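Quick notes on the structure that follows.
Remember, it's a predicted structure, so these values are computed and weren't measured experimentally.
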Amino acid sequence: MELLTANGFVYDHSTGGHDIYKGAANGRNRSVTVDQQADDFSPRSHELLFYIASQLGFIGEGSRISQQEGWRRFYGGHPGTARRAQVPHRKWSEYETA
């Protein structure tokens, strides 16, 4: 997933049709599980993308920012997806905590 690799996440391993990436976001080390069939903008992928964004700490329990801001940061992490989502591009490592 381009959003992860563009922000320094590296592939760790695969299990059961899912890829595991490791890296840092929001000032913490994170492990993120990604379905190998994920599409950043597919309506069918919304639940999966919500799960990924919450694993990264951008949205969900424990996040101290609004869900709208969390999605803006999530999609803004890669120049291409930021452009498609019409949000500013900014690397995830530039955010201390969410």
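Connection of Phe9 to Tyr11 is established within a shared hydrophobic cluster, with ILVMFWY side chains joined at heavy-atom distances below 4.5 Å, either directly or through further cluster members.
When all heavy atoms are compared, the tightest approach of Gly76 to Ala82 is CA-CB, 3.8 Å. When all heavy atoms of Gln55 and Thr33 are compared, the closest pair comes out as OE1-N, 3.2 Å. When all heavy atoms are compared, the tightest approach of His89 to Pro79 is CD2-N, 3.2 Å. Nearest approach of Leu3 to Phe74, heavy atoms of both residues: CD2-O, 3.4 Å. Contact between Ala25 and Arg30 at its shortest, heavy atoms only, is O-NE, 3.3 Å. Heavy atoms only, all atoms of each residue included: Asp19 and Ser14 are closest at OD1-OG, 2.5 Å.
Checking each of Trp92, Tyr75, Trp71, Phe50 against Phe58 for a side chain to side chain contact (heavy atoms under 4.5 Å, CB included) leaves exactly one that passes, namely Trp92.
Of the inter-residue distances, the one linking Asp35 atom CG with His18 atom NE2 reads 4.5 Å to the nearest 0.5 angstrom. Note: Ile59 CD1 to Gln67 CD = 5.0 Å, rounded to the nearest 0.5 Å.
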* When you look at Ile65 and Arg73, which way does the side chain to side chain contact (heavy atoms under 4.5 Å, CB included) test go after all the steps? -> CA-CA 10 Å; Ile65 58 175; Arg73 290 182 182 188; 3.9 Å; yes
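Under a 3.5 Å cut-off, the side chain of Asn7 and the backbone N or O of Gly77 do form a donor-acceptor pair. In this structure a side-chain-to-backbone donor-acceptor pair under 3.5 Å is missing from Glu2 to His78. Judged by distance alone, the side chain of Ser63 and the main-chain N or O of Gly60 form no donor-acceptor pair under 3.5 Å.
Here Thr5 pairs with Tyr21 under the side chain to side chain contact (heavy atoms under 4.5 Å, CB included) rule; sequence neighbours left out. Applying the side chain to side chain donor-acceptor pair (under 3.5 Å) rule to Arg72 yields the partners Glu69; only residues at least two apart in sequence or on another chain are considered.
Using a 4.5 Å cut-off on side-chain heavy atoms (C-beta onward), Ile20 and Ser31 make contact.
Within a 6.0 Å sphere centred on CZ of Arg83, other residues, nucleotides and ligands contribute 12 heavy atoms or fewer.
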